[in-house]
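Here the structure comes first, spelled out in C-alpha coordinates, and everything after it is commentary.
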Number of protein chains: 2
Amino acid sequence: MTDTLSNIDKKRGGKKAPRFSREPPQQRRAMMIEAATRCLSRGGISGFTVDAICREAGISRGLINHYFDSLDGLLVEVYRASMYKNVASHIQEAKRRRAENIGWPPELALAELIGSNFAPRYFNGDNLLLWLSLWAEIATNPLLKAAHRELYQAYRGELAEDIAAVAAARGRIVDAPTLARNFIALVDGLWLEWCLDETVLTPEAAEAAGFEMIEAQVGPLR
Amino acid sequence: MTDTLSNIDKKRGGKKAPRFSREPPQQRRAMMIEAATRCLSRGGISGFTVDAICREAGISRGLINHYFDSLDGLLVEVYRASMYKNVASHIQEAKRRRAENIGWPPELALAELIGSNFAPRYFNGDNLLLWLSLWAEIATNPLLKAAHRELYQAYRGELAEDIAAVAAARGRIVDAPTLARNFIALVDGLWLEWCLDETVLTPEAAEAAGFEMIEAQVGPLR
DNA sequence: TGTCTTGTTATACCTTTGTTCAACAAGAAC
DNA sequence: GTTCTTGTTGAACAAAGGTATAACAAGACA
(Lines give C-alpha, C1' and ligand atoms only; values in the text may rest on other atoms or scores of the structure.)
Protein backbone atom coordinates (compact mmCIF):
# COMPACT_ATOMS: atom_id res chain seq x y z
CA MET A 1 0.00 0.00 0.00
CA THR A 2 2.83 2.34 0.82
CA ASP A 3 4.39 1.62 -2.56
CA THR A 4 1.16 2.35 -4.36
CA LEU A 5 0.80 5.64 -2.58
CA SER A 6 4.31 6.79 -3.28
CA ASN A 7 4.01 5.76 -6.92
CA ILE A 8 0.90 7.82 -7.22
CA ASP A 9 2.68 10.69 -5.57
CA LYS A 10 5.55 10.46 -8.01
CA LYS A 11 3.19 10.33 -10.96
CA ARG A 12 1.41 13.39 -9.71
CA GLY A 13 4.49 15.32 -10.69
CA GLY A 14 4.28 17.53 -7.63
CA LYS A 15 6.51 17.13 -4.63
CA LYS A 16 6.08 13.66 -3.25
CA ALA A 17 4.17 13.50 0.01
CA PRO A 18 6.27 12.89 3.14
CA ARG A 19 6.62 9.20 4.00
CA PHE A 20 5.99 9.94 7.66
CA SER A 21 5.44 12.86 9.96
CA ARG A 22 7.48 13.77 12.99
CA GLU A 23 5.50 14.23 16.17
CA PRO A 24 6.41 15.74 19.52
CA PRO A 25 7.44 12.89 21.83
CA GLN A 26 4.58 13.44 24.26
CA GLN A 27 2.01 13.41 21.50
CA ARG A 28 3.51 10.36 19.82
CA ARG A 29 3.48 8.48 23.07
CA ALA A 30 -0.17 9.34 23.60
CA MET A 31 -1.01 8.15 20.08
CA MET A 32 0.70 4.86 20.69
CA ILE A 33 -0.96 4.33 24.07
CA GLU A 34 -4.34 4.94 22.48
CA ALA A 35 -3.65 2.53 19.64
CA ALA A 36 -2.37 -0.07 22.09
CA THR A 37 -5.49 0.35 24.21
CA ARG A 38 -7.67 -0.27 21.18
CA CYS A 39 -5.71 -3.42 20.38
CA LEU A 40 -6.06 -4.66 23.94
CA SER A 41 -9.80 -4.12 24.11
CA ARG A 42 -10.25 -5.69 20.70
CA GLY A 43 -8.17 -8.83 21.10
CA GLY A 44 -7.18 -9.10 24.73
CA ILE A 45 -3.60 -9.81 25.64
CA SER A 46 -3.25 -12.01 22.55
CA GLY A 47 -4.00 -9.00 20.38
CA PHE A 48 -1.46 -6.89 22.18
CA THR A 49 1.45 -7.46 19.80
CA VAL A 50 4.06 -5.17 18.28
CA ASP A 51 2.73 -5.78 14.79
CA ALA A 52 -0.90 -5.16 15.69
CA ILE A 53 -0.20 -2.04 17.68
CA CYS A 54 2.06 -0.47 15.06
CA ARG A 55 -0.43 -1.26 12.34
CA GLU A 56 -3.19 0.30 14.45
CA ALA A 57 -1.09 3.39 15.12
CA GLY A 58 0.15 3.62 11.54
CA ILE A 59 3.80 3.56 12.51
CA SER A 60 6.73 1.25 11.97
CA ARG A 61 7.77 -1.57 14.29
CA GLY A 62 10.81 0.14 15.69
CA LEU A 63 8.97 2.91 17.47
CA ILE A 64 7.62 0.94 20.39
CA ASN A 65 11.06 0.16 21.74
CA HIS A 66 12.11 3.71 21.02
CA TYR A 67 9.44 5.27 23.21
CA PHE A 68 8.97 2.51 25.77
CA ASP A 69 11.28 0.19 27.62
CA SER A 70 9.55 -2.77 26.10
CA LEU A 71 6.14 -3.99 25.05
CA ASP A 72 5.40 -4.66 28.71
CA GLY A 73 6.34 -1.08 29.47
CA LEU A 74 3.71 0.03 27.00
CA LEU A 75 1.19 -2.22 28.70
CA VAL A 76 1.90 -0.47 31.99
CA GLU A 77 1.21 2.86 30.33
CA VAL A 78 -2.03 1.49 28.93
CA TYR A 79 -2.96 0.50 32.46
CA ARG A 80 -2.16 3.95 33.80
CA ALA A 81 -4.19 5.67 31.12
CA SER A 82 -7.19 3.34 31.48
CA MET A 83 -7.10 3.58 35.24
CA TYR A 84 -7.02 7.32 35.04
CA LYS A 85 -9.85 7.45 32.55
CA ASN A 86 -12.14 5.16 34.54
CA VAL A 87 -11.27 5.87 38.17
CA ALA A 88 -9.02 8.84 38.81
CA SER A 89 -11.09 11.26 36.76
CA HIS A 90 -14.13 9.88 38.61
CA ILE A 91 -12.57 10.84 41.92
CA GLN A 92 -11.48 14.26 40.80
CA GLU A 93 -14.93 15.01 39.53
CA ALA A 94 -16.47 14.00 42.86
CA LYS A 95 -13.97 16.13 44.78
CA ARG A 96 -14.64 19.11 42.59
CA ARG A 97 -18.38 18.70 42.92
CA ARG A 98 -18.19 18.56 46.67
CA ALA A 99 -15.90 21.57 46.88
CA GLU A 100 -18.10 23.63 44.59
CA ASN A 101 -21.38 22.62 46.13
CA ILE A 102 -20.72 23.34 49.77
CA GLY A 103 -24.05 23.73 51.47
CA TRP A 104 -25.89 21.64 48.87
CA PRO A 105 -27.91 18.70 50.06
CA PRO A 106 -25.51 15.74 50.41
CA GLU A 107 -28.23 13.51 48.95
CA LEU A 108 -27.71 15.14 45.58
CA ALA A 109 -23.97 14.60 45.60
CA LEU A 110 -24.33 10.97 46.64
CA ALA A 111 -27.05 10.22 44.11
CA GLU A 112 -24.94 11.73 41.38
CA LEU A 113 -21.87 9.75 42.42
CA ILE A 114 -23.84 6.51 42.50
CA GLY A 115 -25.57 7.16 39.23
CA SER A 116 -22.36 8.02 37.42
CA ASN A 117 -21.23 4.39 37.76
CA PHE A 118 -24.01 3.37 35.40
CA ALA A 119 -23.56 6.10 32.85
CA PRO A 120 -22.74 4.71 29.40
CA ARG A 121 -19.29 6.20 29.70
CA TYR A 122 -18.40 3.67 32.39
CA PHE A 123 -21.04 1.00 32.15
CA ASN A 124 -20.46 -0.25 28.63
CA GLY A 125 -19.43 -3.54 27.19
CA ASP A 126 -16.70 -2.36 24.87
CA ASN A 127 -13.88 -2.69 27.34
CA LEU A 128 -14.35 -6.14 28.78
CA LEU A 129 -11.23 -7.63 27.23
CA LEU A 130 -9.30 -4.51 28.18
CA TRP A 131 -10.13 -4.82 31.84
CA LEU A 132 -9.80 -8.57 32.03
CA SER A 133 -6.30 -8.14 30.64
CA LEU A 134 -5.48 -5.28 32.97
CA TRP A 135 -6.71 -7.19 36.00
CA ALA A 136 -4.53 -10.10 35.03
CA GLU A 137 -1.64 -7.68 34.80
CA ILE A 138 -2.44 -6.25 38.23
CA ALA A 139 -2.42 -9.74 39.69
CA THR A 140 1.01 -10.34 38.16
CA ASN A 141 2.80 -7.02 38.45
CA PRO A 142 3.44 -5.76 42.02
CA LEU A 143 3.83 -2.16 40.87
CA LEU A 144 0.45 -2.20 39.19
CA LYS A 145 -1.07 -3.90 42.20
CA ALA A 146 0.11 -1.06 44.42
CA ALA A 147 -1.22 1.55 42.01
CA HIS A 148 -4.54 -0.26 41.79
CA ARG A 149 -4.81 -0.46 45.56
CA GLU A 150 -4.13 3.22 45.96
CA LEU A 151 -6.61 4.37 43.35
CA TYR A 152 -9.41 2.09 44.44
CA GLN A 153 -8.85 3.06 48.03
CA ALA A 154 -9.19 6.70 47.09
CA TYR A 155 -12.42 6.02 45.27
CA ARG A 156 -13.84 3.97 48.13
CA GLY A 157 -12.93 6.76 50.52
CA GLU A 158 -14.65 9.34 48.38
CA LEU A 159 -17.81 7.28 48.16
CA ALA A 160 -17.73 6.52 51.89
CA GLU A 161 -17.49 10.20 52.71
CA ASP A 162 -20.57 10.99 50.67
CA ILE A 163 -22.46 8.11 52.26
CA ALA A 164 -21.44 9.19 55.76
CA ALA A 165 -22.54 12.75 55.06
CA VAL A 166 -26.04 11.62 54.13
CA ALA A 167 -26.24 9.23 57.06
CA ALA A 168 -25.13 11.93 59.49
CA ALA A 169 -27.63 14.43 58.11
CA ARG A 170 -30.38 11.85 58.63
CA GLY A 171 -29.22 10.66 62.03
CA ARG A 172 -28.60 7.11 60.81
CA ILE A 173 -25.84 4.81 61.98
CA VAL A 174 -24.12 3.37 58.90
CA ASP A 175 -20.83 1.57 58.33
CA ALA A 176 -19.96 3.79 55.39
CA PRO A 177 -16.59 2.25 54.38
CA THR A 178 -18.06 -1.24 54.29
CA LEU A 179 -21.10 -0.10 52.38
CA ALA A 180 -18.91 1.73 49.87
CA ARG A 181 -16.75 -1.34 49.35
CA ASN A 182 -19.77 -3.61 48.86
CA PHE A 183 -21.31 -1.14 46.44
CA ILE A 184 -18.21 -1.06 44.30
CA ALA A 185 -18.08 -4.84 44.29
CA LEU A 186 -21.71 -4.95 43.22
CA VAL A 187 -21.10 -2.52 40.37
CA ASP A 188 -18.10 -4.47 39.13
CA GLY A 189 -20.00 -7.73 39.42
CA LEU A 190 -23.05 -6.42 37.58
CA TRP A 191 -20.90 -5.00 34.83
CA LEU A 192 -19.06 -8.28 34.47
CA GLU A 193 -22.24 -10.31 34.31
CA TRP A 194 -23.70 -7.94 31.77
CA CYS A 195 -20.60 -8.15 29.58
CA LEU A 196 -20.60 -11.95 29.65
CA ASP A 197 -24.34 -12.24 29.01
CA GLU A 198 -26.18 -9.11 28.02
CA THR A 199 -29.57 -10.82 28.36
CA VAL A 200 -29.32 -11.17 32.12
CA LEU A 201 -29.75 -7.51 32.96
CA THR A 202 -29.96 -3.97 31.59
CA PRO A 203 -27.92 -0.94 32.66
CA GLU A 204 -31.13 0.43 34.12
CA ALA A 205 -31.61 -2.69 36.23
CA ALA A 206 -28.02 -2.41 37.36
CA GLU A 207 -28.56 1.18 38.42
CA ALA A 208 -31.67 0.17 40.32
CA ALA A 209 -29.72 -2.53 42.14
CA GLY A 210 -26.97 -0.09 43.01
CA PHE A 211 -29.34 2.52 44.44
CA GLU A 212 -31.24 -0.16 46.29
CA MET A 213 -28.15 -1.29 48.14
CA ILE A 214 -27.30 2.20 49.35
CA GLU A 215 -30.86 3.31 50.01
CA ALA A 216 -31.48 0.24 52.18
CA GLN A 217 -29.10 1.80 54.67
CA VAL A 218 -29.40 5.57 54.29
CA GLY A 219 -32.97 5.87 53.09
CA PRO A 220 -34.33 7.13 49.76
CA LEU A 221 -32.08 9.29 47.61
CA ARG A 222 -34.26 9.99 44.60
CA MET B 1 17.07 -35.04 33.49
CA THR B 2 15.67 -37.81 31.35
CA ASP B 3 19.19 -38.73 30.28
CA THR B 4 20.41 -38.85 33.84
CA LEU B 5 17.60 -41.08 34.86
CA SER B 6 18.02 -43.51 32.03
CA ASN B 7 21.77 -43.64 32.63
CA ILE B 8 21.16 -44.47 36.24
CA ASP B 9 18.73 -47.13 35.18
CA LYS B 10 21.24 -48.69 32.84
CA LYS B 11 23.91 -48.68 35.49
CA ARG B 12 21.57 -50.40 37.89
CA GLY B 13 21.99 -53.46 35.77
CA GLY B 14 18.33 -54.40 36.08
CA LYS B 15 15.79 -53.94 33.35
CA LYS B 16 15.70 -50.33 32.36
CA ALA B 17 12.61 -48.44 33.49
CA PRO B 18 10.03 -47.70 30.79
CA ARG B 19 10.55 -44.33 29.13
CA PHE B 20 6.86 -43.58 29.30
CA SER B 21 3.62 -45.23 30.30
CA ARG B 22 0.58 -45.77 28.14
CA GLU B 23 -2.67 -44.48 29.57
CA PRO B 24 -6.28 -45.04 28.60
CA PRO B 25 -7.33 -42.15 26.34
CA GLN B 26 -9.96 -40.85 28.73
CA GLN B 27 -7.53 -40.79 31.62
CA ARG B 28 -4.76 -39.20 29.56
CA ARG B 29 -7.11 -36.46 28.44
CA ALA B 30 -8.10 -35.77 32.01
CA MET B 31 -4.45 -35.56 33.05
CA MET B 32 -3.74 -33.09 30.29
CA ILE B 33 -6.77 -30.94 31.09
CA GLU B 34 -5.70 -30.78 34.71
CA ALA B 35 -2.15 -29.83 33.81
CA ALA B 36 -3.41 -27.21 31.36
CA THR B 37 -5.68 -25.78 34.05
CA ARG B 38 -2.76 -25.44 36.41
CA CYS B 39 -0.78 -23.64 33.73
CA LEU B 40 -3.66 -21.27 33.04
CA SER B 41 -4.19 -20.37 36.69
CA ARG B 42 -0.49 -19.92 37.19
CA GLY B 43 0.41 -17.77 34.21
CA GLY B 44 -2.83 -16.73 32.56
CA ILE B 45 -3.24 -17.09 28.82
CA SER B 46 0.46 -16.29 28.34
CA GLY B 47 1.34 -19.35 30.39
CA PHE B 48 -0.98 -21.52 28.34
CA THR B 49 1.58 -22.84 25.86
CA VAL B 50 2.29 -26.26 24.42
CA ASP B 51 5.69 -26.36 26.07
CA ALA B 52 4.47 -25.34 29.52
CA ILE B 53 1.50 -27.67 29.51
CA CYS B 54 3.48 -30.69 28.33
CA ARG B 55 6.18 -30.00 30.88
CA GLU B 56 3.53 -29.70 33.58
CA ALA B 57 1.88 -32.93 32.50
CA GLY B 58 5.20 -34.72 32.04
CA ILE B 59 4.50 -35.67 28.45
CA SER B 60 5.99 -34.80 25.08
CA ARG B 61 4.90 -31.98 22.81
CA GLY B 62 3.14 -34.12 20.23
CA LEU B 63 0.43 -35.35 22.55
CA ILE B 64 -1.67 -32.20 22.66
CA ASN B 65 -2.46 -32.31 18.97
CA HIS B 66 -3.02 -36.03 19.25
CA TYR B 67 -5.76 -35.74 21.84
CA PHE B 68 -7.19 -32.31 20.98
CA ASP B 69 -7.95 -30.52 17.75
CA SER B 70 -5.54 -27.78 18.70
CA LEU B 71 -4.31 -25.85 21.68
CA ASP B 72 -7.51 -23.81 21.52
CA GLY B 73 -9.47 -27.03 21.65
CA LEU B 74 -7.71 -27.88 24.87
CA LEU B 75 -8.60 -24.45 26.24
CA VAL B 76 -12.27 -25.17 25.56
CA GLU B 77 -11.97 -28.39 27.53
CA VAL B 78 -10.32 -26.50 30.37
CA TYR B 79 -13.30 -24.17 30.31
CA ARG B 80 -15.75 -27.04 30.43
CA ALA B 81 -13.96 -28.69 33.33
CA SER B 82 -13.59 -25.47 35.34
CA MET B 83 -17.16 -24.47 34.72
CA TYR B 84 -18.34 -27.85 35.87
CA LYS B 85 -16.17 -27.77 38.95
CA ASN B 86 -17.29 -24.30 40.03
CA VAL B 87 -20.89 -24.06 38.88
CA ALA B 88 -22.46 -27.26 37.64
CA SER B 89 -21.48 -29.30 40.66
CA HIS B 90 -22.81 -26.42 42.77
CA ILE B 91 -26.19 -26.74 41.13
CA GLN B 92 -26.34 -30.50 41.38
CA GLU B 93 -25.53 -30.33 45.05
CA ALA B 94 -28.30 -27.81 45.64
CA LYS B 95 -30.77 -29.92 43.70
CA ARG B 96 -29.83 -33.01 45.62
CA ARG B 97 -30.14 -31.24 48.92
CA ARG B 98 -33.58 -29.96 48.10
CA ALA B 99 -34.76 -33.35 46.89
CA GLU B 100 -33.44 -35.13 49.96
CA ASN B 101 -34.63 -32.59 52.45
CA ILE B 102 -38.25 -32.24 51.50
CA GLY B 103 -40.07 -30.85 54.48
CA TRP B 104 -36.97 -29.24 55.92
CA PRO B 105 -37.09 -25.55 56.71
CA PRO B 106 -36.31 -23.68 53.48
CA GLU B 107 -34.24 -21.26 55.53
CA LEU B 108 -31.65 -23.95 56.08
CA ALA B 109 -31.36 -24.79 52.40
CA LEU B 110 -31.04 -21.15 51.43
CA ALA B 111 -28.50 -20.34 54.12
CA GLU B 112 -26.41 -23.30 53.05
CA LEU B 113 -26.59 -22.32 49.39
CA ILE B 114 -25.58 -18.74 50.18
CA GLY B 115 -22.79 -19.74 52.52
CA SER B 116 -21.32 -22.22 50.07
CA ASN B 117 -20.32 -19.33 47.81
CA PHE B 118 -17.86 -18.19 50.44
CA ALA B 119 -16.41 -21.56 51.31
CA PRO B 120 -12.68 -21.72 50.64
CA ARG B 121 -13.35 -24.16 47.82
CA TYR B 122 -14.92 -21.40 45.76
CA PHE B 123 -13.86 -18.20 47.43
CA ASN B 124 -10.10 -18.43 47.06
CA GLY B 125 -7.52 -16.39 45.24
CA ASP B 126 -5.72 -19.17 43.43
CA ASN B 127 -7.92 -19.09 40.37
CA LEU B 128 -7.99 -15.43 39.44
CA LEU B 129 -5.87 -15.78 36.31
CA LEU B 130 -7.80 -18.89 35.38
CA TRP B 131 -11.15 -17.14 35.44
CA LEU B 132 -9.96 -13.91 33.88
CA SER B 133 -8.67 -16.00 30.99
CA LEU B 134 -11.85 -18.05 30.79
CA TRP B 135 -14.03 -14.95 30.81
CA ALA B 136 -11.98 -13.50 27.99
CA GLU B 137 -12.54 -16.73 26.12
CA ILE B 138 -16.29 -16.57 26.79
CA ALA B 139 -16.38 -13.05 25.40
CA THR B 140 -14.62 -14.23 22.26
CA ASN B 141 -16.06 -17.68 21.60
CA PRO B 142 -19.82 -17.81 20.85
CA LEU B 143 -20.05 -21.49 21.79
CA LEU B 144 -18.57 -20.85 25.20
CA LYS B 145 -20.82 -17.83 25.63
CA ALA B 146 -23.87 -19.99 25.08
CA ALA B 147 -22.61 -22.61 27.52
CA HIS B 148 -21.85 -19.93 30.08
CA ARG B 149 -25.30 -18.43 29.70
CA GLU B 150 -26.98 -21.77 30.16
CA LEU B 151 -25.03 -22.74 33.27
CA TYR B 152 -25.33 -19.40 35.00
CA GLN B 153 -29.02 -19.27 34.21
CA ALA B 154 -29.45 -22.66 35.85
CA TYR B 155 -27.61 -21.49 38.92
CA ARG B 156 -29.58 -18.27 39.14
CA GLY B 157 -32.79 -20.28 38.81
CA GLU B 158 -31.75 -22.62 41.60
CA LEU B 159 -30.93 -19.75 43.91
CA ALA B 160 -34.13 -17.90 43.02
CA GLU B 161 -36.22 -20.96 43.85
CA ASP B 162 -34.69 -21.21 47.29
CA ILE B 163 -35.21 -17.50 47.89
CA ALA B 164 -38.80 -17.68 46.72
CA ALA B 165 -39.47 -20.63 48.99
CA VAL B 166 -38.31 -18.71 52.05
CA ALA B 167 -40.20 -15.59 51.02
CA ALA B 168 -43.40 -17.58 50.47
CA ALA B 169 -43.09 -19.31 53.84
CA ARG B 170 -42.76 -15.94 55.48
CA GLY B 171 -45.44 -14.20 53.50
CA ARG B 172 -43.02 -11.69 51.98
CA ILE B 173 -43.19 -10.28 48.50
CA VAL B 174 -39.76 -10.61 46.88
CA ASP B 175 -38.49 -10.39 43.31
CA ALA B 176 -36.50 -13.59 43.68
CA PRO B 177 -34.91 -13.76 40.20
CA THR B 178 -33.62 -10.21 40.45
CA LEU B 179 -32.35 -10.75 43.97
CA ALA B 180 -30.58 -13.94 42.90
CA ARG B 181 -28.94 -12.17 40.00
CA ASN B 182 -27.78 -9.27 42.14
CA PHE B 183 -26.45 -11.65 44.76
CA ILE B 184 -24.36 -13.54 42.22
CA ALA B 185 -23.01 -10.25 40.90
CA LEU B 186 -22.10 -9.19 44.42
CA VAL B 187 -20.27 -12.46 45.07
CA ASP B 188 -18.32 -12.22 41.85
CA GLY B 189 -17.48 -8.59 42.54
CA LEU B 190 -16.35 -9.24 46.09
CA TRP B 191 -14.22 -12.15 44.98
CA LEU B 192 -12.64 -10.05 42.26
CA GLU B 193 -11.89 -7.16 44.61
CA TRP B 194 -10.41 -9.53 47.14
CA CYS B 195 -8.18 -11.17 44.52
CA LEU B 196 -6.88 -7.83 43.29
CA ASP B 197 -6.33 -6.43 46.78
CA GLU B 198 -6.58 -8.85 49.68
CA THR B 199 -6.41 -6.01 52.22
CA VAL B 200 -9.78 -4.60 51.27
CA LEU B 201 -11.91 -7.38 52.74
CA THR B 202 -11.88 -10.86 54.26
CA PRO B 203 -13.87 -13.90 53.16
CA GLU B 204 -15.85 -13.49 56.38
CA ALA B 205 -16.71 -9.90 55.48
CA ALA B 206 -17.74 -11.06 52.03
CA GLU B 207 -20.02 -13.69 53.51
CA ALA B 208 -21.55 -11.09 55.81
CA ALA B 209 -22.23 -8.82 52.84
CA GLY B 210 -23.82 -11.67 50.92
CA PHE B 211 -26.16 -12.66 53.74
CA GLU B 212 -26.98 -9.04 54.38
CA MET B 213 -28.21 -8.55 50.84
CA ILE B 214 -30.55 -11.54 50.98
CA GLU B 215 -31.69 -11.01 54.54
CA ALA B 216 -32.63 -7.42 53.82
CA GLN B 217 -35.45 -8.84 51.71
CA VAL B 218 -36.44 -12.15 53.24
CA GLY B 219 -35.53 -11.54 56.89
CA PRO B 220 -32.92 -13.22 59.07
CA LEU B 221 -31.59 -16.62 58.00
CA ARG B 222 -29.10 -17.42 60.74
C1' DT C 1 9.32 -65.75 23.50
C1' DG C 2 7.60 -63.48 19.53
C1' DT C 3 4.23 -60.47 17.16
C1' DC C 4 1.24 -56.73 16.70
C1' DT C 5 -1.21 -52.61 17.87
C1' DT C 6 -1.14 -48.00 18.90
C1' DG C 7 -0.05 -44.62 22.47
C1' DT C 8 4.00 -41.79 22.82
C1' DT C 9 8.17 -39.52 21.67
C1' DA C 10 11.21 -36.40 19.39
C1' DT C 11 12.35 -33.76 15.54
C1' DA C 12 11.61 -30.87 11.82
C1' DC C 13 8.99 -27.25 9.92
C1' DC C 14 7.14 -22.74 9.33
C1' DT C 15 5.07 -18.77 11.46
C1' DT C 16 5.01 -15.17 14.67
C1' DT C 17 7.00 -12.84 18.34
C1' DG C 18 10.01 -8.84 20.59
C1' DT C 19 14.20 -6.42 20.06
C1' DT C 20 18.07 -4.15 17.91
C1' DC C 21 20.33 -0.92 14.89
C1' DA C 22 22.22 1.29 10.79
C1' DA C 23 20.30 4.10 7.36
C1' DC C 24 17.05 7.47 6.18
C1' DA C 25 14.53 11.83 5.82
C1' DA C 26 11.34 15.45 7.95
C1' DG C 27 11.50 19.78 9.48
C1' DA C 28 13.65 23.44 12.21
C1' DA C 29 17.49 26.68 12.23
C1' DC C 30 20.40 29.48 9.79
C1' DG D 1 19.03 26.91 -0.40
C1' DT D 2 21.95 24.52 3.00
C1' DT D 3 23.03 22.27 7.23
C1' DC D 4 21.99 19.81 11.23
C1' DT D 5 19.30 17.38 14.57
C1' DT D 6 16.72 13.58 15.66
C1' DG D 7 12.28 11.25 15.01
C1' DT D 8 11.32 7.40 12.10
C1' DT D 9 11.85 3.50 9.17
C1' DG D 10 12.51 -1.27 7.83
C1' DA D 11 15.36 -5.18 7.59
C1' DA D 12 17.82 -8.56 10.28
C1' DC D 13 18.00 -11.49 14.20
C1' DA D 14 17.18 -15.02 17.69
C1' DA D 15 13.80 -16.92 20.51
C1' DA D 16 9.44 -19.03 21.07
C1' DG D 17 5.19 -20.20 19.23
C1' DG D 18 1.83 -24.35 17.21
C1' DT D 19 1.49 -28.22 14.18
C1' DA D 20 2.56 -32.38 11.52
C1' DT D 21 4.77 -36.78 11.26
C1' DA D 22 8.06 -40.55 11.06
C1' DA D 23 10.25 -43.50 14.30
C1' DC D 24 9.92 -45.70 18.53
C1' DA D 25 8.47 -48.76 22.28
C1' DA D 26 5.03 -50.24 25.93
C1' DG D 27 2.03 -53.60 26.83
C1' DA D 28 -1.55 -56.92 25.36
C1' DC D 29 -2.03 -61.15 23.13
C1' DA D 30 -0.89 -65.59 21.34
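Side chains are part of it too, since the values below use all heavy atoms of this structure and drop only hydrogens, waters and symmetry mates. Each chain gets a letter, A, B and so on, in the order the sequences are listed, and its residues count up from 1.
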To the nearest Å, give me how far apart [atom1] ([X]) and [atom2] ([N]) are.
X: B/F20; N: D/dC24; atom1: CZ; atom2: P; answer: 12 Å
X: B/R29; N: C/dG7; atom1: CZ; atom2: C1'; answer: 14 Å
X: A/E23; N: D/dG7; atom1: CD; atom2: C1'; answer: 10 Å

Candidates D/dT9, C/dA10, D/dG18 - which lies nearest the side chain of B/V50: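 Within the option list, the nearest is D/dG18.
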Proximity to the side chain of A/P18 - top-ranked nucleotide from C/dG27, D/dT8, C/dA10: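 Of C/dG27, D/dT8, C/dA10, C/dG27 is nearest to the side chain of A/P18.
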Sub-4.0 Å heavy-atom contacts from residues 62-71 of chain A onto DNA chain D, ordered by number: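 By residue number: A/G62, A/L63, A/H66, A/Y67.
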A/D197 and B/K145 ion-paired at < 4.0 Å: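 No salt bridge links A/D197 with B/K145.
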B/R181 with A/E193: basic N within carboxylate O range, under 4.0 Å: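 Looking at A/E193 together with B/R181, the answer is no, because their closest N to O distance does not fall below 4.0 Å.
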Base C/dT6 to side chain B/R22, donor-acceptor N/O within 3.5 Å cut-off: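 Under the 3.5 Å cut-off, the side chain and the base do form a donor-acceptor pair.
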Do [X] side-chain atoms and [Y] backbone N/O form a donor-acceptor pair below 3.5 Å?
X: B/N86; Y: B/M83; result: no
X: B/Y79; Y: B/H148; result: yes
X: A/N117; Y: A/L113; result: yes
X: B/R42; Y: B/G47; result: no

Along DNA chain C (nearest heavy atom to each residue), the more 5'-positioned of B/R28 and B/R61: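 That would be B/R28.
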